[in-house]
Amino acid sequence: MEVTIQLDSVHKQLELFGPADSHLRLLRKSLGVQITARRGDLIISGKEKSVNTAAEVIDRMQKHLIKHGSLTAANVSSFLTKGDSSMTAGPGKAVTVYGGKKVVEPSTKGQLKYIETMLANDLTFCIGPAGTGKTYLAVAVAVSMLKKKQTRRIVLARPAVEAGEKLGFLPGDLQAKVNPYLRPLFDALGDMMDFTQMRKFMELDIIEIIPLAFMRGRTLNEAIIICDEAQNTSSLQMLMILTRLGRGSKMIITGDITQIDLDPDQKSGMVEAIQKLRRIRGIGYVQLSQRDIVRHRLVQNIVRAYGKNTKSKIKE
């Protein structure tokens with residue numbers, strides 16, 4: 001088996017590899033794998049289990065180096081000794097992205113569960129109040145998988161539904177009309193990579209940000225599909241987006257079912273989908289709460305004061 005890992009920071013190769021490649025030699029000796037550096041990549045070959053372990057250890061080495069600015073032989077030995085269990089547990093589970101932060105980490109147990117659920121399932125539903133990181137973490141996972149070449153493209157979609165007010169006619173071409181609805185997705189993506197890189201990926205169709213209505217008739221293979229604000233989808237829209245899932249793809253559906261902007265007599269497609277699908281194996285479901293809010297401290301108090309109860313919206 002052979003795996004290629006894209007290095008997060010090429011100019012930090014010396015620190016990552018260790019003095020005279022001592023860190024790489026330690027990995028080769030401990031795991032019985034071959035590791036070759038080629039430009040900005042590391043190529044690992046050997047038995048499947050050993051290659052996967054080496055890839056996970058190198059991922060942790062890169063995250064440690066980015067976060068702390070240094071990496072010692074003791075750190076590498078620690079990553080090897082702790083084994084696979086330490087790489088998937090604890091609040092230190094980090095997601096590597098392109099942007100200035102380089103690493104996105106969960107701040108709460110709920111966010112940690114959310115990341116683990118997204119990585120473990122091809123379809124994940126996440127509901128929760130404002131400020132819990134539903135969209136941000138979904139985009140971070142998607143960008144991380146793109147960076148690691150675990151997916152070929154990212155598709156971000158959102159229903160164009162106005163939040164309790166009628167904006168009327170909007171000037172400009174189609175792109176100018178829909179951009180205000182898609183702005184939160186642009187903001188999250190802009191935090192993961194610089195503007196030039198984001199624009200290049202969008203021009204190459206590696207990243208696509210579109211209104212939900214434009215998804216009809218498509219099959220999306222080898223892609224990460226994120227449907228944001230899904231509480232504002234109709235039943236038919238939700239069925240349409242769910243059936244876009246193609247070969248080798250992963251889909252993440254996020255929304256806050258306490259902020260449904262549909263007509264009062266129209267049922268949320270997201271609520272209906274969770275009711276119908278939540279017992280199907282292979283579909284992940286995460287419900288974030290007020291404890292997972294990571295915006296300004298007042299947001300948590302505001303959500304609590306309004307007394308919204310998400311559980312009452314979804315009946316068994």
Side-chain angles (χ1 to χ4, degrees), residues 88-91 93 95 104-142 144-145 150-151 154-159 184-185 188 212 215 220 223-246 248-262 266-294 300 303 308-316:
T88 57
K93 179 97 175 183
V95 178
V104 175
E105 291 185 289
S107 301
T108 68
K109 289 182 179 180
Q111 290 188 345
L112 174 61
K113 179 185 177 184
Y114 182 29
I115 290 176
E116 292 175 339
T117 302
M118 286 188 284
L119 294 174
N121 296 277
D122 288 338
L123 174 58
T124 299
F125 287 92
C126 178
I127 63 174
T132 50
K134 302 182 298 295
T135 304
Y136 191 83
L137 291 176
V139 173
V141 167
S144 177
M145 293 186 69
Q150 295 172 338
T151 189
I154 299 172
V155 178
L156 306 172
R158 185 173 181 167
L185 295 173
L212 187 61
M215 296 285 281
L220 299 170
I224 307 294
I225 307 120
I226 299 173
C227 179
D228 190 37
E229 295 291 324
Q231 79 276 5
N232 288 327
T233 58
S234 66
S235 179
L236 290 177
Q237 283 178 321
M238 179 54 65
L239 178 60
M240 182 268 291
I241 185 68
L242 290 173
T243 52
R244 300 310 95 198
L245 192 62
S249 289
K250 186 184 290 286
M251 184 176 289
I252 305 159
I253 310 289
T254 71
D256 178 1
I257 61 173
T258 70
Q259 297 189 49
I260 297 175
D261 300 310
L262 301 172
Q266 188 174 9
K267 187 173 183 178
S268 166
M270 183 180 195
V271 172
E272 182 183 51
I274 293 173
Q275 290 172 339
K276 290 178 178 292
L277 306 177
R278 65 184 305 167
R279 289 181 175 84
I280 297 178
R281 293 187 62 182
I283 298 179
Y285 169 75
V286 177
Q287 183 164 345
L288 301 175
S289 68
Q290 297 169 8
R291 294 187 298 272
D292 300 304
I293 293 175
V294 293
Q300 196 171 86
V303 171
K308 302 288 189 178
N309 184 359
T310 60
K311 292 183 180 179
S312 65
K313 295 272 186 177
I314 299 178
K315 297 178 181 178
E316 295 291 334

Please find the pair of heavy atoms, one from [X] and one from [Y], that lie closest to each other, and give the distance.
X	Y	result
Pro129	Gln290	CG-N, 4.1 Å
Ala223	Ser249	N-OG, 3.0 Å
Ile252	Ala138	CG2-CB, 3.9 Å
Gln266	Ser234	NE2-CB, 3.3 Å
Leu242	Ala273	CD1-CB, 4.3 Å
Gln237	Asn232	OE1-O, 3.9 Å

For the residue pair [X] and [Y], establish whether any side-chain heavy-atom pair is separated by less than 4.5 Å.
X	Y	result
Val95	Ile115	yes
Thr135	Ile226	no
Asp292	Tyr114	no
Phe125	Leu277	yes
Met238	Lys276	no

[X] side, atom [atom1]; [Y] side, atom [atom2] - distance, nearest 0.5 Å:
X	Y	atom1	atom2	value
Leu288	Thr254	CG	OG1	10.0 Å
Met270	Ile127	CE	CD1	6.5 Å
Ile283	Ile253	CD1	CD1	10.0 Å
Thr258	Gln231	OG1	CD	8.0 Å
Leu137	Ser144	CG	OG	11.5 Å
Met215	Thr243	CE	OG1	9.5 Å

Hits for side chain to side chain contact (heavy atoms under 4.5 Å, CB included) against Lys250, two or more places apart or cross-chain, chain-then-number order -> Asp122, Met145, Ile224
Does Lys134 use its side chain to pair, donor to acceptor, with the backbone of Gly128 at less than 3.5 Å? yes
Determine, step by step, whether Leu156 and Asp228 satisfy the side chain to side chain contact (heavy atoms under 4.5 Å, CB included) criterion, reporting the C-alpha distance in whole Å, the side-chain angles of both residues, the deciding distance to 0.1 Å, and the verdict. CA-CA 8 Å; Leu156 306 172; Asp228 190 37; over 6 Å; no
- Item | Neighbour count above 12 (heavy atom, 6.0 Å) for Lys109 NZ | no
Exercise. So Met118 and Val286, side chain to side chain contact (heavy atoms under 4.5 Å, CB included) or not? Walk me through it.
Worked result: CA-CA 9 Å; Met118 286 188 284; Val286 177; over 6 Å; no
